[in-house]
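Below is one structure, written out as structure tokens, with a few remarks after it.
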Amino acid sequence: MLPPETELWNRVEQTAREVFGSFGFGEIRLPIFEPTELFARAVGSETDIVSKEMYSFEDHGWIELEQYRAALIVKSMSPGLPSEFTQFERSVLAYVDILSKRMSAGDVPKTPENEKALVQVRRCLDDMNRAGASFVGTQSASDEISFENSLKGVKQALLFFRLGDVLSLRPEATASVCRAYIEHGMHALAHPVKLYYTGPMFRRERPQKGRYRQFYQIGAEVLESVPPNTDATKTIGKDAAVDAEVIEMVMAYFARVGLEGVQLDINSIGHSAPECRRGYVEKLKAALEKVKDKLGADSQRRIETNPLRVLDSKLESEQAIIEKLPRIGDHLCADCAKHYAEVKRQLELRGVAYRENWRLVRGLDYYMRTTFEITARGLGSQNAVCGGGRYDGLVELLGGPPTQGIGFAIGEDRVILSLQEAGKGNRAQGLDVYIAWMGEKTLAAAIRAARKLRDAGFRVELPPVEQKFGKALGQADKLGARYALILGEDEVASGQWTLKTLADGTQGKHSEAGLMEFLRKQKS
Ligand code: AMP
């Protein structure tokens, strides 16, 4: 990203700060990476994001332990050569010994998984020993196979051992906001807690227009602890109003930023109970099983892993089939149906136009009840600029108190693309004044003029060395300056500075104070 495009990015972000601020949101700044476990638990290990799109790494500096392990992993062995095996066993046990000591010292993670891995290594070595000894007498294929399997077991357990914590570059930010909410005891703050964030997210995807591996999101979350003994049926009206206000805010933001062709889709995906979403998913699954042969490979796989995601499919051949599937709206429990009706009423009260879209399920596990997506013009197939929804229960899932949540994430890259497509991108703010100074004696006055003009908010270029008159004006022109302030020794001596308007070539003389006054007037 380069200027002048970065100016558009700044405007898009600044507008978010202003609009979100006017709704009472404060900014939260989050870390770029977090424990992988956080995303696996919050987003869901079966989701595309967690199962294949995260950039994860083991955070440690144990190069020699890594190399030691790599050397053990590549070893192949036959039960017919006991001396080789003895040597291997000795090396593995020495390695296990080092790992145990490091674990006790707290240098590598002392987790139940790591402890289990070391037990597993020892057990597989014993099995290898047994199979090897037996093979010497029998030469049997089954002893050879069990020797090989035990060797595989040793290697797997060694690989399973974590030399450091496993971290991931954040693929989204809601999980981190909830983690921070818990860690900083925000349930004790005045409620609801309203936070917004901006920044890069990372997902391993096939890059195309509007889809990148490092992309930027602007998001907001509303979190509210649920006091003990709260009757959930009594808060439906309030929850729906909060949902509607969050949606109203994001629509107000898009209007302020000047996004065109904005379309809001909403849906309710109920809550995860047998009489609500879970029951629906069973019905959906049964219906999908019946048409399985007509579906593509992705959808076929999703029948097992995440049937709701089949509804997301853009595959042309599946559209007619999907239209005939059972719809969640017909299977919501009474409370969820009431909540959804109230969200729609609240949106209408606020004059927010929406379209109901029963296929809008979103790809993240944590959503319940309200889901929404906003699309915009000029983006081709990647036209979603915002996705969001309600996620009551997520904070609790991550170890916090019972908490309700609703939020959204805007794809900033796509907002920028859409604005550029609409011709709203080229807002390059050119230079105001180029100071053409000539002669060493004028330098002090030139520096003073630059400082005064900059303090007054003008964009000023002060060349570091003096230039010939013609070259200075050429340079001012190239940089798109509106004015050239000409400071020669005569001007400094007389206190009458020359200001040239570059668009029409006119020029006039001004005192130092008069010049500031003149420029200020031109600007306003
Ligand atoms: P999600 O976090 O998947 O709900 O996405 C929210 C919004 O982020 C989407 O509507 C997109 O505008 C944007 N987004 C998601 N993934 C990408 C990506 N790989 N590249 C650019 N924008 C993205």
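Quick note: residue numbers are just sequence positions, from 1. Counting convention: from 1, in listed order, for ligands and their atoms alike.
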Next item on the list: Would you mind running through ligand 1 and noting each atom that sits below 4.0 Å from a heavy atom of V385?
Entry: 10 (O), 12 (O)
Next item on the list: Mind checking whether R213 contacts ligand 1 via backbone (N, CA, C, O), side chain (CB onward), both or neither, at a 4.0 Å heavy-atom cut-off?
Entry: neither
Notebook entry, point to check: Going by atom types only, do Q404 and Y391 share a side-chain donor-acceptor pair under 3.5 Å?
Noted result: no
Margin query: For A220 versus Y197, what's the shortest heavy-atom pair and its separation?
Written below: N-CE2, 4.1 Å
Note to self: Using a 4.0 Å cutoff against the non-hydrogen atoms of C386, which atoms of ligand 1 qualify?
What the structure shows: 10 (O)
Check: Which class fits the ring pair F20 and F25: parallel under 30°, tilted 30 to 60°, perpendicular over 60°?
Finding: tilted
Note to self: Looking at ligand 1, would E172 count as a contact under a 4.0 Å heavy-atom criterion?
What the structure shows: no
Notebook entry, point to check: What are the atoms of ligand 1, with element, lying closer than 4.0 Å to any heavy atom of R203?
Noted result: 1 (P), 2 (O), 3 (O), 15 (C), 16 (N)
Item checked: Atoms of ligand 1, numbered as shown, that sit under 4.0 Å from any heavy atom of E205 -> 16 (N), 18 (C), 19 (N)
Checklist line | Centroid-centroid under 6.0 Å between F33 and Y55 rings | finding: no
Notebook entry, point to check: Can you check whether Y367 has an N/O within less than 3.5 Å of an N/O in ligand 1?
Noted result: no
Note to self: According to salt bridge (Lys or Arg N to Asp or Glu O under 4.0 Å), who are the partners of R256, at least two apart in sequence or on a separate chain?
What the structure shows: E18
Notebook entry, point to check: Have E412 and T198 got a donor and an acceptor in their side chains that come within less than 3.5 Å?
Noted result: no
Notebook entry, point to check: Would one find an N or O of I410, backbone or side chain, under 3.5 Å from an N or O of ligand 1?
Noted result: no
Item checked: Partners passing salt bridge (Lys or Arg N to Asp or Glu O under 4.0 Å) against R482 (at least two apart in sequence or in another chain) -> none
Margin query: Is it the case that ligand 1 has an N or O less than 3.5 angstrom from some N or O of D413?
Written below: no
Check: What part of M201, side chain from CB on, backbone N/CA/C/O, both or neither, has a heavy atom under 4.0 Å from ligand 1?
Finding: neither
